[in-house]
Amino acid sequence: MAHHRNGLAARRRTVGLTQEALAEHMQVDRSTIARWESGRTAPQPWMRPRLARLLHVNAEGLNDLLTARLPSGTQGQDALDYAMLHPGRIDLPAVATLRTRFDDCAARYDRVPSAGLIAEAAAQLNRIDQLAIGSARGRVQRELHALHADACTLMGQLVWDASQRRDHTTAKMYYELSADLARHLRDTTLEAHALLRTCYVALYGARDAQAGLALAEQAAETAERTSPALTGLALLHVAEAHAILRSTSDCERALSRAERQLAHVDGSDAAADLVSPTQFGRLAGSCYLSLGDHRRAETLLASTAEKLRDRRKSRAIVLGNLTLARIRQRDVEAGVASLTEAIAELETTRGGGGMNIVFGAARELRPWRQEPLVAEVHDRLLGLMTAA
């Protein structure tokens with residue numbers, strides 16, 4: 001269903017504020033402003049008095065802005081059509097429209113199959129690239145280059161996920177483009193995000209823990225001065241690489257460092273949206289699974305799966321790892337229960353990471369394949385594998 005835009009964006013432009021400036025005044029991330037303007041979320045009640053003052057309206061006027069619906073995309077489409085014909089004249093409102101559309105596409109990643117988003121993301125990437133090349137130097141061009149870097153990262157993520165984490169070459173090509181753009185902008189947060197995505201390919205695709213470790217450490221070092229969120233996330237993957245290499249002390253040291261960094265994340269962090277309260281439990285659970293501490297892994301993963309309801313691809317991965325932790329403790333009934341939940345998530349999202357873990361867990365159930373519960377879940381897996 002298409003989102004309907006409210007009147008907030010038009011009022012913001014009228015008072016001369018960009019999304020970034022309003023976000024800074026409100027002490028939130030720019031993507032939060034984009035969600036308010038698209039009507040997907042609304043400001044919390046305690047934030048509204050400050051927002052009203054910034055927009056020079058009273059409480060009633062702000063409510064009117066938030067509830068009045070405008071035709072979805074008409075004004076923004078006109079601005080983009082004009083910009084495509086005259087790239088040198090593209091302005092910040094047109095860039096904001098591009099950014100909002102990108103955010104809408106990226107927000108769907110964790111809820112729907114990546115294959116269904118690739119054409120839309122590729123069209124956005126192509127449009128952003130053309131406009132960035134043709135735009136005049138200055139803030140508009142910088143914003144377009146930053147959006148281009150984000151779009152390249154998303155494209156790599158979508159291609160890799162849709163390929164069931166097999167197309168490493170194309171994914172890394174997009175991540176390298178993103179990192180190059182970030183270096184041109186001297187934006188270490190963008191660069192660290194691209195490096196971290198490349199780390200995922202090494203860790204979970206190529207199964208090269210040493211290469212993944214080096215990339216995760218590089219990402220953490222790159223983000224250290226600008227983003228506690230990305231630094232903490234990178235350190236969680238440093239810990240996971242150490243766990244795969246069976247170094248318990250190094251793993252737990254990295255987990256502690258990550259926890260300290262994540263405690264400092266606030267709304268001013270440009271990468272705050274990349275982490276959630278469940279992030280630590282998810283990665284720590286995976287670490288202890290690799291280290292063979294299956295009881296501790298189960299405790300962390302079960303708690304995380306219960307809390308992780310809105311990120312369905314991530315939840316499938318957690319449930320898959322929870323299944324492995326239970327099977328390795330020979331608790332087949334509980335393992336089948338979490339595997340069934342994981343399959344239910346994957347039937348909707350078909351996330352590459354979850355699919356790989358779930359099929360790996362099913363292989364570990366082979367000693368019990370004659371049991372009715374196990375036979376039933378194998379039939380469901382066959383249906384998942386053969387679904388279009």
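The structure presented is a predicted model; accordingly, all values stated were derived computationally and were not measured.
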So do [Y] and [X] actually touch side chain to side chain, heavy atoms under 4.5 Å?
X: Met355; Y: Leu384; answer: yes
X: Met173; Y: Met155; answer: no
X: Arg30; Y: Leu22; answer: no
X: Phe359; Y: Leu381; answer: yes
X: Asp187; Y: Thr226; answer: no
X: Leu8; Y: Leu62; answer: yes
X: Tyr288; Y: Thr299; answer: no
X: Leu125; Y: His148; answer: yes

Quiz item: Would Arg53 and Arg50 count as a side chain to side chain contact (heavy atoms under 4.5 Å, CB included) if you check the C-alpha gap in whole Å, the side-chain angles of each, and the deciding distance to 0.1 Å?
Solution: CA-CA 5 Å; Arg53 286 195 299 273; Arg50 180 191 292 180; 3.8 Å; yes
Flag, side chain of [X] to backbone of [Y], donor-acceptor distance under 3.5 Å:
X: Arg165; Y: Gly205; result: no
X: Arg246; Y: Ser290; result: yes
X: Arg369; Y: Arg366; result: yes
X: Ser247; Y: Ala243; result: no
X: Thr304; Y: Leu300; result: yes
X: Asp29; Y: Thr32; result: no
X: Arg326; Y: Ala334; result: yes
X: Ser135; Y: Ala132; result: yes
X: Gln27; Y: Ala23; result: no
X: Arg11; Y: Leu55; result: yes

Of the non-hydrogen atoms in [X] and [Y], which two are nearest, and what is the gap between them?
X: Ala209; Y: Leu203; result: CA-CD2, 4.0 Å
X: Asp269; Y: Pro228; result: OD2-CD, 3.0 Å
X: Leu144; Y: Leu131; result: CD1-O, 3.7 Å
X: Leu215; Y: Leu195; result: CB-O, 4.3 Å
X: Leu196; Y: Ala234; result: CD1-CA, 3.8 Å
X: Val201; Y: His168; result: CG1-CB, 3.6 Å

Exercise. For Arg99 and Asp150, run salt bridge (Lys or Arg N to Asp or Glu O under 4.0 Å): C-alpha distance rounded to whole Å, both residues' side-chain angles, the deciding distance at 0.1 Å, then the answer.
Key: CA-CA 10 Å; Arg99 171 62 76 172; Asp150 279 336; 2.9 Å; yes
Quiz prompt | Ser114: which of Arg350, Arg108, Lys313, Gln157 passes side-chain hydrogen bond (donor to acceptor under 3.5 Å, both in side chains) | solution =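 The residue from Arg350, Arg108, Lys313, Gln157 that satisfies side-chain hydrogen bond (donor to acceptor under 3.5 Å, both in side chains) with Ser114 turns out to be Lys313.
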Pair [X] + [Y], salt bridge at N-O below 4.0 Å:
X: Glu191; Y: Arg186; value: no
X: Glu347; Y: Arg380; value: yes
X: Arg253; Y: Asp250; value: yes

Exercise. Could you walk me through whether Asp104 and Arg101 pass the salt bridge (Lys or Arg N to Asp or Glu O under 4.0 Å) test, one step at a time?
Key: CA-CA 5 Å; Asp104 284 343; Arg101 292 184 182 185; over 6 Å; no
Around atom [atom1] of [X], are there more than 12 heavy atoms of other residues, nucleotides or ligands at under 6.0 Å?
X: Glu333; atom1: CD; value: no
X: Glu24; atom1: CD; value: no
X: Glu376; atom1: CD; value: no

Exercise. With Val95 as reference, evaluate Ile128, Thr18, Ile90 under the side chain to side chain contact (heavy atoms under 4.5 Å, CB included) test and give the passing residue.
Key: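 Considering Ile128, Thr18, Ile90, a side chain to side chain contact (heavy atoms under 4.5 Å, CB included) with Val95 is found only for Ile90.
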Quiz item: Linking I/L/V/M/F/W/Y whenever any side-chain heavy atoms sit under 4.5 Å apart, do Val28 and Leu17 land together?
Solution: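 Same cluster: Val28 reaches Leu17 through Ile, Leu, Val, Met, Phe, Trp or Tyr contacts under 4.5 Å.
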Practice problem: Could you give me the CA-CA distance, side-chain angles and deciding distance for Thr97 and Thr100, then say whether side chain to side chain contact (heavy atoms under 4.5 Å, CB included) is met? | Solution: CA-CA 5 Å; Thr97 299; Thr100 298; 5.8 Å; no
For [X] and [Y], test the side chains for any donor-to-acceptor distance below 3.5 angstrom and give the result as yes or no.
X: Thr153; Y: Ser178; answer: yes
X: Thr189; Y: Ser227; answer: no
X: Glu240; Y: Ser286; answer: yes

Quiz prompt | Partners meeting side chain to side chain contact (heavy atoms under 4.5 Å, CB included) with Asn58 (sequence neighbours left out) | solution =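 Result, side chain to side chain contact (heavy atoms under 4.5 Å, CB included) vs Asn58: Glu60.
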Exercise. Could you check Leu181 against Leu190 for side chain to side chain contact (heavy atoms under 4.5 Å, CB included), going step by step and ending with a plain yes or no?
Key: CA-CA 9 Å; Leu181 284 162; Leu190 279 175; over 6 Å; no
Quiz item: Cation-pi between Arg197 and Tyr175: NZ/CZ under 6.0 Å from ring centre and within 45° of the ring axis?
Solution: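 Verdict for Tyr175: no cation-pi partner in Arg197.
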Ignoring hydrogens and angles, write down the donor-acceptor pairs under 3.5 Å from the side chains of residues 254-262, residues two or more places apart or on other chains.
| from | atom 1 | to | atom 2 | distance (Å) |
| --- | --- | --- | --- | --- |
| Ser256 | OG | Glu252 | O | 3.1 |

Exercise. Take Ile327 and Trp368 through the side chain to side chain contact (heavy atoms under 4.5 Å, CB included) test and state the conclusion after the steps.
Key: CA-CA 10 Å; Ile327 293 170; Trp368 300 276; 3.9 Å; yes
Quiz prompt | Aromatic ring pairing Tyr200/His237, orientation class (parallel under 30°, perpendicular over 60°, tilted between) | solution =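 Judged by the thresholds at 30° and 60°, the geometry between Tyr200 and His237 is tilted.
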Practice problem: State the CG-CG distance between Leu301 and Asn321, to the nearest 0.5 angstrom. | Solution: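 Those atoms lie 6.0 Å apart.
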Quiz item: How far apart are the C-alpha atoms of Thr231 and Arg225, what are their side-chain angles, what is the distance that settles it, and do they pass the side chain to side chain donor-acceptor pair (under 3.5 Å) test?
Solution: CA-CA 9 Å; Thr231 306; Arg225 293 184 180 179; over 6 Å; no
